[in-house]
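This report refers to the structure that appears directly beneath it.
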Amino acid sequence: MAKGPVSTSSDDELPFETQEPIAADERSFFGGQPQKPSAPNARAALPASLAGQEHYHGHRERLRDRFREQGDAALADYEILELLLFRLIPRRDTKPIAKALIERFGSLAGVFGAPQALLMEVKGVGEAVALDLKLISTVAHRTLKSELRSKQVLSSWSSVIQYCHAAMAHETREQFRILFLDKRNVLIADEVQGRGTVDHTPVYPREVVKRALELSATAMILVHNHPSGDPTPSRADIDMTKVIIDAAKALDITVHDHVIIGRDGHVSLKGLKLI
């Protein structure tokens with residue numbers, strides 16, 4: 001059994017630092033917007049709060065109608081995000097914010113997977129909205145995870161991949177996750193054993209096996225992500241997996257697979273016949 005750490009690695013990535021942003025809450029951001037002078041007509045007599053809403057009020061109703069009548073297929077990603085932001089920022093134009101979020105993080109999944117600090121770097125997104133977006137992301141992850149409970153994981157492989165992708169694909173740092181299974185291959189626990197940098201996570205085979213014994217697990221599925229987006233296994237990934245397999249085998253614990261998650265796909269070491 002290995003005594004020291006074995007590290008995962010994706011060679012192409014370089015470390016970077018995430019700085020804590022200094023951002024105002026989205027409500028105060030919009031509160032300081034200058035008002036265009038109104039023409040001397042009937043609209044000028046409207047209260048300022050109503051006059052400020054007119055330019056997007058009809059747009060919100062039209063967007064809701066399209067979603068209600070045609071479903072999500074009729075809307076672009078930024079429009080789906082707009083619908084959500086309507087409720088989080090009820091009295092301001094959210095279209096520019098939705099477009100900025102999609103542009104920054106690439107997709108809806110990227111937005112919900114982004115760290116709170118990075119969300120707050122987008123102009124108009126403050127702590128309140130960033131927390132709400134992370135809450136929605138957590139609800140989605142918990143929903144996917146609940147679908148794995150009381151099921152034989154190996155017969156629900158697509159659900160396993162979907163859950164792991166939602167939980168890890170857009171993480172900015174590597175994390176090493178283990179799905180612990182009982183003798184019927186039913187999920188006992190899903191735990192993150194380590195978090196690292198953009199291209200490195202320390203993994204201790206002794207601790208992995210120790211935790212499996214504590215949970216009375218008889219099998220495991222290893223999972224980690226590559227923040228670079230490319231799920232291709234490195235030599236360190238392969239070597240680390242073999243060390244864990246050997247350590248677990250001595251205690252009659254089976255390692256079914258090691259899955260590497262990228263932003264747009266995944267790789268199974270078993271599928272590649274590397275284990």
Side-chain angles (χ1 to χ4, degrees), residues 25-31 33 35-36 38-39 41-116 118-149 151 156-170 263-266:
D25 184 88
E26 58 282 351
R27 295 165 183 79
S28 62
F29 165 75
F30 282 104
Q33 293 295 313
Q35 299 293 325
K36 293 183 179 180
S38 301
N41 54 26
R43 297 179 68 185
L46 289 172
S49 60
L50 294 180
Q53 291 180 24
E54 279 194 346
H55 72 289
Y56 63 84
H57 181 73
H59 168 68
R60 287 189 171 194
E61 292 305 315
R62 289 190 296 272
L63 204 57
R64 288 191 180 103
D65 288 343
R66 282 170 55 199
F67 181 71
R68 183 184 304 112
E69 296 167 7
Q70 303 176 49
D72 66 285
L75 303 179
D77 279 1
Y78 80 87
E79 291 174 317
I80 294 290
L81 193 53
E82 265 194 274
L83 282 174
L84 176 61
L85 292 174
F86 289 168
R87 298 184 178 278
L88 305 184
I89 313 175
R91 291 180 296 278
R92 302 297 175 187
D93 183 6
T94 58
K95 184 175 182 177
I97 304 175
K99 285 190 169 183
L101 284 166
I102 296 294
E103 182 178 357
R104 172 69 183 273
F105 300 109
S107 65
L108 274 176
V111 172
F112 289 116
Q116 180 184 339
L118 294 186
L119 288 170
M120 292 173 61
E121 290 181 358
V122 175
K123 192 173 184 180
V125 176
E127 183 179 6
V129 165
L131 281 173
D132 283 342
L133 291 174
K134 296 310 298 179
L135 174 61
I136 293 165
S137 175
T138 298
V139 170
H141 294 169
R142 294 282 182 94
T143 300
L144 290 171
K145 185 176 181 178
S146 68
E147 295 180 2
L148 298 179
R149 296 192 181 280
K151 292 183 179 179
S156 306
W157 193 246
S158 61
S159 296
V160 172
I161 298 302
Q162 187 178 16
Y163 165 68
C164 291
H165 193 274
M168 304 172 70
H170 296 279
R263 278 193 296 270
D264 299 316
H266 72 279

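What you see below is based on every heavy atom in this structure, not just the backbone, and it leaves out hydrogens, waters and symmetry mates. Owing to the predicted nature of the structure, the values given are computational and were not obtained by experimental measurement.
- Atom-to-atom distance recorded for Leu131:CG and Met120:CE is 8.0 Å, nearest 0.5 angstrom.
- Atom CG of Asp132 is separated from atom CD of Gln116 by 10.0 Å, given to the nearest 0.5 angstrom.
- Between His165 atom NE2 and Asp264 atom CG the span is 6.5 Å, to the nearest 0.5 Å.
- With Phe112 as the partner, the side chain to side chain contact (heavy atoms under 4.5 Å, CB included) test is satisfied by one option alone out of Val139, Leu101, Leu133: Leu133.
- Comment: Asp65 engages Arg68 in a salt bridge, judged by a side-chain N to carboxylate O separation of less than 4.0 angstrom.
- More than 12 heavy-atom neighbours from other residues, nucleotides or ligands sit within 6.0 angstrom of CD on Glu69.
- The CG atom of Leu118 sits 13.0 Å away from atom NE2 of His170, with the distance rounded to the nearest 0.5 Å.
- Looking at Leu75 and Leu83, their side chains come closer than 4.5 Å, going by heavy atoms from C-beta outward.
- Between Phe86 and Leu63 the shortest heavy-atom distance is CZ-CD2, 3.8 Å.
- Rounding to the nearest 0.5 Å places CD1 of Ile97 at 6.0 Å from CG of Leu85.
- Between the side chain of Lys95 and the backbone N or O of Glu79, no donor-acceptor pair lies under 3.5 Å.
- Considering CD of Glu121 and CG of Leu119, their distance stands at 9.5 Å, rounded to 0.5 Å.
- The shortest non-hydrogen separation linking Ala98 to Tyr78 is CB-O, 3.4 Å.
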